[in-house]
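Residue numbers begin at 1 in each chain, while the letters A, B, ... track the order of the sequences. Being a predicted model, the structure only gives us computed values, none of them experimental.
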2 protein chains.
Amino acid sequence: MKNKAVIDALSALANEHRLAVFRLLVQAGPEGQPAGAIAEALDLPASSLSFHLAHLNRAGLITQSRDGRSLIYAADFTAMSGLVGFLTENCCGGASCAPVVAPTQKKRKAS
Amino acid sequence: MKNKAVIDALSALANEHRLAVFRLLVQAGPEGQPAGAIAEALDLPASSLSFHLAHLNRAGLITQSRDGRSLIYAADFTAMSGLVGFLTENCCGGASCAPVVAPTQKKRKAS
DNA sequence: CAAATGATTCGATGATACTGGAAATATCGA
DNA sequence: TCGATATTTCCAGTATCATCGAATCATTTG
């Protein structure tokens, strides 16, 4: 994964709404969701959502396909794993990060 | 890791210079590097670098400590692993991402 | 074709981020 | 204390990002 691609992906996810969209699509699985459903679930104006979807799409984190009038968006797991791979490569690859990742199972309800 | 913290970390890394700084510090290891050395290595004006270091520090990705006149910055591996943990939790936790992460080893240290 | 529907693009506005020189702060050594 | 060194803070100017209503585009249906 190129440096530029990593930055694009990071800045795409570095936004409240886009992170929410992405998580929603990850949960929705490979079948994805139409834009309208996302807008309703996240309570976002259509034009705003479209802006964010385009951003995520440009960054390669989600894919777009048409089904009739609806545009279906789905998370691109390959890109996601590439990003995580890049981060772990630069963090855990050499050092003390890896062992810390696993125990992150605790479900805390911090505000 | 809270949602807000994740966004802070992502947006901190979503910048060419800050990502470079962070990678440099990761490579530098727990001992870190003084601001001046970072500025020279990355060829950044002191005031610009200071801005970025403050940003990374606010996001919890790096730590600051003083050694004489020098301020030493070091990567915070815990925060980093928290971020990676969050991302994998939302990606690989449920699906097909995990298997892709592991094989990302071209040059690996003795296991 | 025309109407209805799902979604994008346009455009103006406000907010936030980045940059880097100059001035200020902190520390060390003589 | 003075001067040199390491960094930060201040400030302004510039650039980029986010918002969302209105207009537009694409598709289906009658």
- Query: Does OP1 or OP2 of dA17(C) have a side-chain N or O of Asn15(B) closer than 4.0 Å?
  - Reply: no
- Query: When the distance from CG of Asp67(B) to P of dA6(D) is rounded to whole Å, what number comes out?
  - Reply: 12 Å
- Query: More than 12 non-hydrogen atoms from neighbouring residues, nucleotides or ligands closer than 6.0 Å to CD on Glu40(A), yes or no?
  - Reply: no
- Test Leu42(A) against His17(A) for side-chain contact (heavy atoms from CB on, under 4.5 Å), laying out the working first. CA-CA 8 Å; Leu42(A) 268 40; His17(A) 299 310; over 6 Å; no
- Considering non-hydrogen atoms only, spot the tightest contact between Ala12(A) and Leu61(A) and give its length. CB-CD1, 3.9 Å
- Task: Give a yes/no answer on whether the side chain of Arg66(B) brings an N or O atom under 4.0 Å of OP1 or OP2 in dA26(C).
- Result: no
- Task: Nearest whole angstrom, please: distance from the C1' of dC20(D) to the CG of Asp43(A).
- Result: 13 Å
- Task: Take atom CD of Glu16(A) and atom P of dT19(D), then tell me their distance rounded to the nearest Å.
- Result: 8 Å
- Determine, stepwise, if the pair Leu56(A) / Leu25(A) fulfils side-chain contact (heavy atoms from CB on, under 4.5 Å). CA-CA 11 Å; Leu56(A) 286 166; Leu25(A) 289 179; 5.6 Å; no
- Query: Would you say the side chain of Ser47(A) and the base of dG21(D) hold a donor-acceptor pair, judged only by whether the two atoms sit under 3.5 Å apart?
  - Reply: yes
- Item | Rounded distance (Å) that lies between atom C1' of dT9(C) and atom CD of Gln64(A) | 13 Å
- What is the distance, rounded to the nearest whole Å, between atom CG of Leu44(B) and atom C1' of dA6(D)? 16 Å
- Give a yes/no on whether any side-chain N or O of His52(B) is located under 4.0 angstrom from OP1 or OP2 of dA17(C). no
- Find the distance Phe51(A):CZ to dC10(C):C1' and express it as a whole number of Å. 13 Å
- Message: Any side-chain N or O of Ser70(A) below 4.0 angstrom from OP1/OP2 of dG6(C)?
- Response: no
- In this structure, CG of Leu83(A) is separated from CG of Asp76(A) (nearest 0.5 Å) by 11.5 Å
- Message: Below the 4.0 Å mark, does dT7(D) have OP1 or OP2 next to a side-chain nitrogen or oxygen of Arg69(B)?
- Response: no
- How close or far is atom C1' of dG21(C) from atom CG of Leu49(B), stated in whole angstroms? 15 Å
- Message: Would you say Tyr73(B) places a side-chain N or O within less than 4.0 Å of OP1 or OP2 belonging to dA6(D)?
- Response: no
- Item | For atom CD1 of Ile62(B) and atom P of dT7(D), their distance in whole Å | 13 Å
- Remember a base hit wins even if backbone is also touched, and classify Ala46(A) as base, sugar-phosphate or nothing at under 4.0 Å, heavy atoms. base
- Message: Quick check: on DNA chain D, is the nucleotide nearest Gly68(A) upstream (toward 5') of the one nearest Arg18(A), or the reverse? Name the residue that is more 5'.
- Response: Arg18(A)
